There are 2 protein chains.
Amino acid sequence: MSHCHTYLKKLRDQGYRITPQREMIVQIIAHCGKHMSAEEVMEIVREKSSSINIATVYRTLDMLVENGLASKFDLGNGKTAYATGKHGPHIHLVCKHCGSVTEVSENDISAFLERIEDLYDFDCHPYHFSIHGLCGECSNSEIS
Amino acid sequence: MSHCHTYLKKLRDQGYRITPQREMIVQIIAHCGKHMSAEEVMEIVREKSSSINIATVYRTLDMLVENGLASKFDLGNGKTAYATGKHGPHIHLVCKHCGSVTEVSENDISAFLERIEDLYDFDCHPYHFSIHGLCGECSNSEIS
DNA sequence: TCCTTTATTGAGAATGCTTGCAACAAGGAA
DNA sequence: TTCCTTGTTGCAAGCATTCTCAATAAAGGA
């Protein structure tokens with residue numbers, strides 16, 4: 001069912017081994033519509049009466065992000081959220097007061113960035129941006 | 001000397017108490033041109049042969065950020081950097097490979113955001129954005 | 001100058017996440 | 001099907017940061 005198998009195939013094609021832990025984690029975040037933290041993934045794992053170490057959850061989620069199968073973003077309160085289905089650059093608007101997250105869709109990004117004032121149209125009153133990526137030097141050198 | 005006193009006065013005017021710890025921390029980051037981590041602030045404190053608890057360093061730095069006297073940004077490797085002198089929105093470009101940080105000056109922000117492709121002119125190959133601020137709801141309600 | 005109020009500090013526990021390493025197991029080769 | 005190589009896992013320790021709470025000390029008032 002769903003895109004789980006696509007995800008797993010993609011990983012296998014990249015040379016990753018498919019373990020029961022990875023299958024379960026991929027299934028969980030692929031089926032859950034919203035973004036979730038590593039701890040939330042753990043809770044669902046526990047409900048299924050199996051056990052995966054939290055380090056493995058983090059490692060698997062980060063691996064999915066590395067391979068463009070999921071995205072990861074800082075919620076600003078010391079916690080990190082993960083979600084599937086986003087590729088390429090995308091933007092999360094995080095409220096530092098209530099923690100709400102608004103996602104700017106891939107189609108809207110260009111329009112969104114055209115003018116900084118547009119932020120207010122998104123009800124976002126910014127105080128800080130971070131853009132994570134590779135600098136010129138690093139994107140020139142070969143990185144696995 | 002320098003803007004230390006301006007900073008301290010601003011804090012006092014806001015109702016904060018001026019403690020020796022706060023004076024020392026403000027002096028350190030106001031005099032140090034570059035951005036620094038809480039741990040780097042601690043090292044300088046130790047060189048001055050006094051001692052401040054690390055929790056106090058974090059609390060003071062965060063207080064400066066809250067009051068617009070400093071900025072704070074995620075270096076992407078689990079560490080956080082602080083720097084004085086920036087007000088309003090500003091952008092840090094963080095390389096996930098080498099950790100280098102490029103700052104987009106306040107004057108350049110609008111131009112920078114005009115088109116997402118401009119990122120490449122900054123030698124930034126993006127994979128993720130976060131914009132931290134207040135959502136509409138929270139910026140309407142009164143927040144201290 | 002001394003008192004009182006209340007913000008601030010230090011200490012240590014707690015949280016969220018990462019890392020090092022030995023044991024284990026996926027997946028290709030024989 | 002069995003074996004071997006090497007990627008993965010679990011565990012425990014480590015790191016950066018935050019939180020709780022009792023003790024302390026700014027700063028204003030008497």
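In what follows, every chain begins at residue 1, and chains take the letters A, B, ... in the order their sequences are listed. These numbers were taken from a predicted model, which means no experiment stands behind them.
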Worksheet, complete the sentence: Comparing nearest nucleotides in DNA chain D, the 5'-proximal residue of the pair T56(A), D62(B) is T56(A)
Worksheet item: If you pin T80(B) and P20(B) to their nearest nucleotides in DNA chain D, which one's is more 5'?
Response: T80(B)
Please determine whether a side-chain nitrogen of the Lys or Arg among [X] and [Y] lies less than 4.0 Å from a carboxylate oxygen of the Asp or Glu.
X	Y	value
R59(A)	E66(A)	no
R46(A)	E39(A)	yes
K79(A)	E40(A)	no

Would you mind reading off the distance between [X] atom [atom1] and [N] atom [atom2], rounded to a whole angstrom?
X	N	atom1	atom2	result
K79(B)	dT17(D)	NZ	C1'	13 Å
R12(B)	dA7(C)	CZ	P	17 Å
M24(A)	dT9(D)	CE	P	13 Å
M42(A)	dT15(C)	CE	P	15 Å
L8(B)	dA27(D)	CG	C1'	15 Å
I18(A)	dA25(C)	CD1	P	17 Å
Q21(B)	dG10(C)	CD	C1'	9 Å
I25(A)	dT8(D)	CD1	P	13 Å

Worksheet item: If you check the A55(B) side chain, which of dT18(C), dA11(C), dT6(C) turns out closest?
Response: dA11(C)
Worksheet entry | Selected nucleotide, minimal atom distance to Y16(B) side chain, candidates dT8(C), dG10(D), dG27(C) | dT8(C)
[X] side chain N/O closer than 4.0 Å to the phosphate oxygens (OP1, OP2) of [N]?
X	N	result
N53(A)	dC11(D)	yes
R22(B)	dT8(C)	yes
T19(B)	dT9(C)	yes

Worksheet item: Reckon I54(B) touches a base, only the sugar-phosphate, or nothing at all at heavy-atom distances under 4.0 Å?
Response: nothing
Discussion item. Using a 4.0 Å heavy-atom cut-off, does T60(B) contact any base of the nucleic acid, only the sugar-phosphate backbone, or nothing at all?
Written reply: nothing
Discussion item. Pick the closest DNA chain C nucleotide for S37(A) and for R59(A) by heavy atoms, then say which residue is nearer the 5' end.
Written reply: S37(A)
Worksheet item: Are the side chains of T60(B) and Q21(B) in touch, meaning some heavy atoms are under 4.5 Å apart?
Response: no
Worksheet item: Is the shortest heavy-atom distance from the side chain of K10(B) to the side chain of N67(B) under 4.5 Å?
Response: no
